[in-house]
A.B. asks: 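The structure is given below, and queries will be raised subsequently.
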Amino acid sequence: MFWLSHHHAEEYNRTYVLGGVRVCARCLGTYPVLLATLVGLFKLRAPLAWPWDIPVVLGLSLPAVVDWAVGRFRPRSGSNAVRTLTGVLLGLALGRSLFIHVQKPLPPVLVWQAALVAVVAIPVLMASARGSKP
């Protein structure tokens with residue numbers, strides 16, 4: 001079953017089995033925290049701008065992006081605990097940037113976050129498609 005697990009059989013080491021269902025370790029940290037962050041920020045009527053939004057969102061996103069990039073070249077490296085933790089951090093970051101985006105489309109924090117992902121993901125995907133290492 002492919003519920004919250006976008007991993008094929010050779011990557012099952014990156015999933016948990018919950019009730020007979022495979023769940024991606026990072027997604028398990030990301031999505032519940034993202035939802036809780038969004039709900040919390042709306043409930044608290046958080047401001048749309050904090051001076052530290054960009055560095056904090058980028059700092060919280062970076063561990064998941066780096067862990068993902070390392071995993072592309074070393075599929076057996078890492079642990080699900082680390083993946084889940086980086087997912088929690090990513091969920092916090094995405095929750096904040098999406099909270100702003102929902103009310104003020106394409107805020108700088110979301111653009112910077114997307115740029116961070118692109119700067120890491122594009123070369124990693126290109127290198128892994130060629131079968132080389134960065």
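What you see is a predicted model; the values in this text were computed from it and never measured.
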A.B. asks: Evaluate the side-chain proximity of Leu38 to Leu98: yes if any heavy-atom separation is below 4.5 Å, no if none is.
C.D. replies: yes
A.B. asks: Tell me the closest heavy-atom pair linking Pro63 and Leu89, and the distance in Å.
C.D. replies: CG-CD1, 4.0 Å
A.B. asks: Output yes when a side-chain donor or acceptor of Asn80 lies under 3.5 Å from a complementary backbone atom of Thr15, and no otherwise.
C.D. replies: yes
A.B. asks: Starting at CG of Leu110, measure out to CD1 of Ile54 and round the result to the nearest 0.5 Å.
C.D. replies: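 Taking CG in Leu110 and CD1 in Ile54, the distance rounds to 10.5 Å.
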A.B. asks: With clusters defined by side-chain heavy atoms of hydrophobic residues (ILVMFWY) lying less than 4.5 Å apart, directly or transitively, does Val65 cluster with Phe73?
C.D. replies: yes
A.B. asks: Kindly indicate, with the supporting measurements, whether the criterion side-chain contact (heavy atoms from CB on, under 4.5 Å) is fulfilled by Leu28 and Leu18.
C.D. replies: CA-CA 11 Å; Leu28 186 62; Leu18 303 175; 4.2 Å; yes
A.B. asks: By side chain to side chain donor-acceptor pair (under 3.5 Å), which residues pair with Thr30, not counting sequence neighbours?
C.D. replies: none
A.B. asks: Heavy-atom distance under 4.5 Å between the side chains of Arg14 and Cys24, does that happen here?
C.D. replies: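 No, too far: nothing below the 4.5 Å cut-off.
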A.B. asks: Side chains of Thr84 and Arg26: any donor to acceptor distance under 3.5 Å?
C.D. replies: no
A.B. asks: Return the minimal non-hydrogen interatomic distance between Ala81 and Tyr16, and the atom names on each side.
C.D. replies: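 Heavy atoms of Ala81 and Tyr16 come nearest at N-OH, 3.7 Å.
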A.B. asks: Can a cation-pi geometry be assigned to Arg96 and Trp50, taking NZ or CZ under 6.0 Å from the six-membered ring centre and within 45° of the ring axis?
C.D. replies: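 Cation-pi check for Arg96 and Trp50: passes.
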A.B. asks: Which heavy-atom pair separates Pro75 from Asn13 by the least distance, and what is that distance?
C.D. replies: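 That closest heavy-atom pairing would be O-ND2, 3.4 Å.
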A.B. asks: I need the Leu92 CG to Ser61 OG distance, nearest 0.5 Å.
C.D. replies: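 The CG atom of Leu92 sits 9.5 Å away from the OG atom of Ser61.
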A.B. asks: Measuring from Leu48:CG to Gln103:CD, what's the distance to the nearest 0.5 Å?
C.D. replies: 4.5 Å
A.B. asks: Are Val119 and Val109 linked, directly or through other ILVMFWY residues, by side chains that come within less than 4.5 angstrom of each other?
C.D. replies: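 As far as the 4.5 Å side-chain criterion goes, Val109 and Val119 are not connected within one cluster.
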A.B. asks: Measure the shortest side-chain to side-chain distance between His6 and Cys27 over non-hydrogen atoms and say whether it is less than 4.5 angstrom.
C.D. replies: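 Yes. Closest side-chain heavy atoms under 4.5 Å.
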A.B. asks: Rounded at 0.5 Å granularity, tell me how far OG in Ser77 sits from CZ in Arg72.
C.D. replies: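 These two atoms lie 12.5 Å from each other.
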A.B. asks: Write down the atom of Ala121, the atom of Trp68, and the distance for their closest heavy-atom approach.
C.D. replies: CA-CZ3, 3.7 Å
A.B. asks: Would Val111 end up clustered with Val120 when hydrophobic side chains under 4.5 Å apart are linked, directly or stepwise?
C.D. replies: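 No, separate clusters.
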A.B. asks: How far does CG of Leu94 sit from CZ of Phe99, to the nearest 0.5 angstrom?
C.D. replies: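 So the gap between those two atoms works out to 15.0 Å.
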A.B. asks: Side chains of Asp67 and Val82: does their closest heavy-atom pair fall under 4.5 Å?
C.D. replies: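 Yes - at least one pair of side-chain heavy atoms lies under 4.5 Å apart.
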A.B. asks: Just verifying a value: how many Å separate Leu60 CG and Leu90 CG, rounded to the nearest 0.5 Å?
C.D. replies: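 Taking CG in Leu60 and CG in Leu90, the distance rounds to 9.0 Å.
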A.B. asks: Is the side chain of Arg76 donor-acceptor paired with the backbone N or O of Gly71 at a distance under 3.5 Å, no angle test?
C.D. replies: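 No; judged by distance alone, with no hydrogens or angles, the pair does not exist.
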A.B. asks: Give the cluster check for Val88 versus Val66: same hydrophobic cluster or not, with ILVMFWY residues linked at side-chain heavy-atom distances below 4.5 Å.
C.D. replies: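 In one cluster: yes.
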A.B. asks: Give a yes/no verdict on a cation-pi contact between Arg22 and Tyr12, requiring under 6.0 Å between NZ or CZ and the six-membered ring centre and an angle within 45° of the axis.
C.D. replies: yes
A.B. asks: Write down the atom of Gly95, the atom of Leu41, and the distance for their closest heavy-atom approach.
C.D. replies: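 The pair with the smallest heavy-atom distance is O-CD1, 3.9 Å.
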A.B. asks: Answer with yes or no whether the hydrophobic clustering places Leu34 together with Leu58; edges join I, L, V, M, F, W, Y residues whose side-chain heavy atoms lie under 4.5 Å apart.
C.D. replies: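 Same cluster: Leu34 reaches Leu58 through Ile, Leu, Val, Met, Phe, Trp or Tyr contacts under 4.5 Å.
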A.B. asks: Measure the shortest side-chain to side-chain distance between Trp52 and Val57 over non-hydrogen atoms and say whether it is less than 4.5 angstrom.
C.D. replies: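 A side-chain contact under 4.5 Å is absent here.
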